[in-house]
Amino acid sequence: MQGVKKLVDLPSMRVGYGSGADGSGDGAAGADGVRANLDPSWLTGDPPWRSLFETWLAEAIAARIPEPNAMVLGTVDAQGRPATRTVLCKGVSEAGIVFFTGYDSQKGRAIAANPHASATFPWIALERQVHFRGRVVKVDSEETRRYWESRPRGSQLSAFASAQSQPIGSRAELEEAAAAVAERFGGADEGEPVPVPPGWGGYRLEPEIVEFWQGRANRLHNRACAVRTADGWRLERLQP
């Protein structure tokens, strides 16, 4: 629109990925401190994505990245409409990555209609990302119970009180619902154990594709990918 002052000049916003302070570009370590270029040969083991993912996750924790286990979860509903939201990864194994939510939440309904999802760990401060894509299945009730019992009591009470993704009239109504649940189970700080709410539990994203991304100078980023096939895993480099 003419005559409207831009508050932010988005087209000119750029980050100099992978450039050292001496201007040596691809020959310098990026923000992750790694001089070597990410390569598919870094993906080893069975499954080949797990070791490098856990190494990068540990390094994100050591670098004090805020909520390093946060991931952007993408789903598609029955009408083909995509949605993303940030959730916390609460488990990693050779089978995949795990998160917990209400099964009747927006994401739960989308997964019921289309049991496939993507998840991205955006460790931008380290110039790294990891992308998962694959089928989503519910974890068993025992795995849900073990995780539920590890949660702080306040988080348990809030999850029990919330009809996740459903409209509510005000913040006051939400706090009243949480207070009623706390009273029901004997108090906010102590009392009888809070059971797993009906319709709440875990999902496992079973990856079919896992892509690792490493920022480098002049947009020549490194992308290494593990793709599940009928014969195992295929490793490949993708162009940026």
Any side-chain heavy atom of [X] sitting closer than 4.5 Å to one from [Y]?
X      : Y      : result
Leu38  : Arg128 : no
Ser155 : Ser158 : no
Phe185 : Phe160 : yes
Trp233 : Asp46  : yes
Arg109 : Asp77  : no
Val130 : Val210 : yes

Who are the salt bridge (charged side-chain N to carboxylate O under 4.0 Å, His left out) partners of Arg85, not counting sequence neighbours?
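Applying salt bridge (charged side-chain N to carboxylate O under 4.0 Å, His left out) to Arg85 gives none.
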Same hydrophobic cluster for [X] and [Y], using side-chain heavy-atom links shorter than 4.5 Å among ILVMFWY?
X      : Y      : answer
Phe121 : Trp42  : yes
Phe100 : Tyr103 : no
Ile65  : Val87  : yes
Val98  : Leu88  : no

So, [X] side chain and [Y] main chain: donor-acceptor pair closer than 3.5 Å or not?
X      : Y      : result
Ser12  : Asp9   : yes
Trp123 : Pro68  : yes
Arg151 : Gln156 : no

Between [X] and [Y], is there a side-chain N and carboxylate O pair less than 4.0 Å apart?
X      : Y      : value
Glu211 : Arg133 : yes
Arg237 : Asp39  : yes
Glu206 : Arg135 : yes
Arg234 : Glu236 : yes

Taking only distance into account, with no hydrogens and no angle test, what donor-acceptor pairs under 3.5 Å do side-chain atoms of residues 191-205 form with protein atoms, sequence neighbours excluded?
{"unit_1": "Arg204", "atom_1": "NH2", "unit_2": "Glu143", "atom_2": "OE1", "d": "2.8"}
{"unit_1": "Arg204", "atom_1": "NH2", "unit_2": "Glu143", "atom_2": "OE2", "d": "3.1"}

Under 3.5 Å, is there a donor-acceptor pair between the Gln129 and Thr120 side chains?
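There is no such pair (donor and acceptor under 3.5 Å, judged by atom type) between the side chains of Gln129 and Thr120.
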No-hydrogen, no-angle side-chain donor-acceptor test under 3.5 Å, Thr101 and Lys107:
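Yes - a donor-acceptor pair under 3.5 Å links their side chains.
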Is Val137 isolated, or which residues cluster with it under the ILVMFWY side-chain rule of less than 4.5 Å, directly or via members?
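None; Val137 is a cluster of one.
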In the hydrophobic clustering that connects Ile, Leu, Val, Met, Phe, Trp and Tyr at side-chain heavy-atom distances below 4.5 Å, which members other than Val76 occupy its cluster, ordered by chain and number?
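Besides Val76, the hydrophobic cluster comprises nothing; the residue is isolated.
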Specify the closest pair of heavy atoms between [X] and [Y], including all atoms of both residues, with the distance to one decimal.
X      : Y      : result
Ile111 : Thr75  : CG1-CG2, 3.9 Å
Thr86  : Ala70  : CG2-CB, 3.8 Å
Leu235 : Ala226 : CD2-CB, 3.8 Å
Leu157 : Gly187 : CD1-O, 3.9 Å
Ile97  : Cys89  : CB-SG, 4.0 Å

Step through the shown structure and confirm whether more than 12 heavy atoms of other residues, nucleotides or ligands are within 6.0 Å of CD on Glu190.
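Result for CD/Glu190: open.
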Answer yes or no: are there more than 12 heavy-atom neighbours, outside Glu149 itself, under 6.0 Å from its atom CD?
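Check passes, neighbour count above 12.
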Atom CZ of Arg145 and atom CG of Asp140: how far apart are they, to the nearest 0.5 Å?
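The CZ atom of Arg145 sits 10.0 Å away from the CG atom of Asp140.
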So how far is it from Gln106 CD to Asp104 CG, rounded to the nearest 0.5 Å?
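These two atoms lie 10.5 Å from each other.
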Let's go through Ile209 and Arg228 carefully: what are the C-alpha distance in whole Å and the side-chain angles of both, what is the deciding distance for side chain to side chain contact (heavy atoms under 4.5 Å, CB included) to 0.1 Å, and is it a yes or a no?
CA-CA 6 Å; Ile209 300 174; Arg228 182 188 287 277; over 6 Å; no
Assess the residue pair His221 and Glu127 against the criterion (side chain to side chain contact (heavy atoms under 4.5 Å, CB included)); give the C-alpha distance rounded to whole Å, side-chain angles, the decisive distance to 0.1 Å, and a yes or no.
CA-CA 10 Å; His221 309 309; Glu127 299 179 0; over 6 Å; no
Return a table of donor-acceptor pairs under 3.5 angstrom between the side chains of residues 169-178 and protein atoms on other chains or two or more places apart.
{"unit_1": "Ser170", "atom_1": "OG", "unit_2": "Ala172", "atom_2": "N", "d": "3.4"}
{"unit_1": "Ser170", "atom_1": "OG", "unit_2": "Glu173", "atom_2": "N", "d": "3.2"}
{"unit_1": "Arg171", "atom_1": "NE", "unit_2": "Glu175", "atom_2": "OE2", "d": "2.9"}

Among all residues two or more places apart in sequence or in another chain, which pass the side chain to side chain contact (heavy atoms under 4.5 Å, CB included) test with Glu94?
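Per chain and number, Glu94 pairs via side chain to side chain contact (heavy atoms under 4.5 Å, CB included) with Pro47, Arg50.
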One pair to check against side chain to side chain contact (heavy atoms under 4.5 Å, CB included): Met71 and Phe99. What are the steps and the verdict?
CA-CA 10 Å; Met71 60 186 190; Phe99 61 96; 3.7 Å; yes
Let me see the working for Asn222 and Phe212 under side chain to side chain contact (heavy atoms under 4.5 Å, CB included), right down to the final yes or no.
CA-CA 8 Å; Asn222 291 313; Phe212 293 81; over 6 Å; no
Can you confirm if the aromatic rings of Tyr17 and Trp213 lie within a centre distance of less than 6.0 Å?
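Yes.
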Mind checking whether Trp49 and Phe53 have parallel, tilted or perpendicular rings, split at 30° and 60°?
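Because their plane-to-plane angle is over 60°, the rings of Trp49 and Phe53 count as perpendicular.
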